[in-house]
Amino acid sequence: MLKDETVENNKRSIIFRAALILFGVSMLTFFSWLGSVIITESTDGDAAAINIAGSLRMQAYRIATVVAQPDTDVLQLKAETDMFQVRLNDPILSQYIRFSGKQHPIYTSYHDISSVWGNELKPLLELRAILNPNMKRQYLTRVNDFVNNIDQMVLLIQQKAEAKVTLLRTVSGISMFLVVLVMVLAIYGLRLTVVSPLNDLVLAANKIRKGELSARVTYNGDDELGLLGDSFNQMAEELSVLYVNLEHRVTEKTQKLLQANDSLALVYDISQRLNYEQYPEKQFTDILERLESATSLTNFRLCINQANIKKSLLVTNTEQIHIENDNKNQDNCKTCEIKNCNKSAKNALKFPIRDNDTLYGALYACTDSQIEKWEHQLLETVAESISTRLRLSQFERDRRRVALMEERALIARELHDSLAQALSYQKIQVAIFQELWRNNGSPEQIEVVIEDLKNGLNTAYRQLRELLTTFRLTIDGAGLESALKNTVIEFNNKAQFVIKLDYSLSNWRLSPSEEVSIIQIVREALSNAMHHSEAKKVCISISDKRHNKIVVQVHDNGIGIEDITNKAGHYGLSIMQERAESIHGDINISRVSPTGTCVELIFTPASSKEFTNAS
């Protein structure tokens, strides 16, 4: 059964049919050649037979010519008669006649000629008969009929040769016709079974290449092209299914990307709101409302445990309320558990708001179906953002508390180092004055003490004024740069020179003590320049270009400072020196060329040491 099916499939094969066509054309050509060869071979001897038969006619006339002479040459007559007999019995002619067959007219004509010649004419040419005039006339009378018989045989031989040529032409024509017919049928068959299916396949392939996946091959034969067409159609069908599935997957991926993009945008917006709002609790209601509109979840609630407060903050998308809690319960948000979700426990979702070991509260939501992965990730990210912001808020409050304590300590230290010491000195001077007054001291001594008291009070008052100005700039301003700018504006309004500020300091974190010391030194240098330098221009520069060291310079173009070595009474310069030492810095006050004074402070900020230790 399998063998029969294989044979049947082989018969339907294009290769088999093409081979069959080639075999048929080859066989037709072979048989045409074989027939031509046979016919051509059969014509061998026809020309010789015609020539010999024609020579018999000529020889008969030559014998008649010899006989017609008055004096017949017997020897010549005998020679001509023998020649006629030789030609008549020539093997070529005899064989040709024999091969023609007894049924052929040539055979009968040849035997008639032989019979007439042997029985009738040849006896008339014998020696004793040829001398008889009656015999001569009788031969001459019958020779024409004899020649006519020979002509008839020659004509029959000629007709037979022409028949062979005609047969050759016919066989060649029929063979050529059959070959052409086979070729036409082969071309027509190839057009139906090869060219047309190939064109159909190419057309369908071009449509597929242009994206028309609905293109199909219409040829459904049982040959190779039919199998190829079926395979092509199956491939196109699979491509269509794959394309539809791919479009569906692309749509799904696009939808997921859009959801992810919307989620990222929502998380970014929530993070921005939380980070830029000083009090993030104000944004909680709006955040829950946006979460409810962006997801399939409902009934969002946010419970926040407030440190050192007995009430928890419960936030919904419409309001914010405070809930009393039991002090014994460490997780105050347990009283905020959702009460109005569906009865199924899996519909209630909870996302803890936790930072390391600190639990700030929880984010609650309800859903009627299984929550999707992106929604779960979104809510976890929002919960982390809220916990981070709450931690930062707590850190900011702690930092402000520490900064406030540092500022208070700084104020206390500055009052102790300046005003308190001045007042203590005045207290000592008052005690001396009292002692002199009781003991009736000399007026000169009392005048000296009163002068010291007056100078001390003026110094204390000036220090108090400078401290108040410095603290106001430091505490109320927006950093060191803003305080220096305000100082420049202040001295530009009351001094006779122009002040230029060059602030090139990087993002160093200076302590309040360092900022106050810089401002005090700059203000003292400007005050000295205003009262003593007679300058027209003052330049203040601050930079950090010396290997993590901060350099502060106050340079004027005045008359220049005198030599201060071993001279007393320079309280302002002493104060600047003490402030430089308080921040572990060095101060250098020098005269510059050609004129002017430069006050230079160099110190290493404490934050630089902390950074080096951390590294």
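Along the sequence shown, residues are numbered consecutively beginning with 1.
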Practice task
Output, in order, the C-alpha distance, side-chain angles, deciding distance and verdict of side-chain contact (heavy atoms from CB on, under 4.5 Å) for Phe603 and Val551.
Solution key: CA-CA 7 Å; Phe603 72 98; Val551 180; over 6 Å; no
Exercise for the section: Any chance you could lay out the side-chain contact (heavy atoms from CB on, under 4.5 Å) test for Gln577 and Ile589, step after step, and finish with the verdict? Expected result: CA-CA 10 Å; Gln577 184 67 38; Ile589 304 172; over 6 Å; no
Practice task
Could you please spell out the steps behind the side-chain contact (heavy atoms from CB on, under 4.5 Å) verdict for Leu480 and Glu514?
Solution key: CA-CA 10 Å; Leu480 178 60; Glu514 292 170 342; over 6 Å; no
Exercise for the section: Under the salt bridge (charged side-chain N to carboxylate O under 4.0 Å, His left out) rule, what do Arg354 and Glu384 come out as? Steps first, then yes or no, please. Expected result: CA-CA 7 Å; Arg354 183 188 302 275; Glu384 291 177 1; over 6 Å; no
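The shortest heavy-atom contact between Ser527 and Phe491 is N-CE2, 3.9 Å. Between Ser504 and Asp544, the shortest heavy-atom distance links the atoms O-OD1, 3.7 Å. Residues Thr381 and Gln377 approach most closely at OG1-O, 2.7 Å, considering heavy atoms. Closest non-hydrogen pair, Ala525 versus Val599, comes out as CB-CG2, 4.1 Å. Taking both residues in full, the closest heavy atoms of Phe497 and Leu526 are given as CZ-O, 4.0 Å, listed atom of the first, atom of the second, then distance. The two residues Ala215 and Lys207 have their closest heavy-atom pair at CB-CB, 3.5 Å.
No donor-acceptor pair under 3.5 Å is formed between the side chain of Asn261 and the backbone N or O of Leu257. Panel note: side chain Asp502, backbone Ile540; no donor-acceptor pair is recorded below 3.5 Å. Looking at Asn492, its side chain never comes within 3.5 Å of a backbone N or O of Val498 through a donor-acceptor pair.
In this structure the side chain of Glu600 never reaches within 4.5 angstrom of the side chain of His555, judged on heavy atoms. Within the 4.5 Å cutoff, the side chain of Asn486 has heavy atoms near those of the Ser482 side chain. Considering only heavy atoms from C-beta on, Ile550 stays 4.5 Å or farther from Thr604 through its side chain.
Checked for salt-bridge contact, Arg216 and Glu237 meet the test: a charged N lies under 4.0 Å from a carboxylate O.
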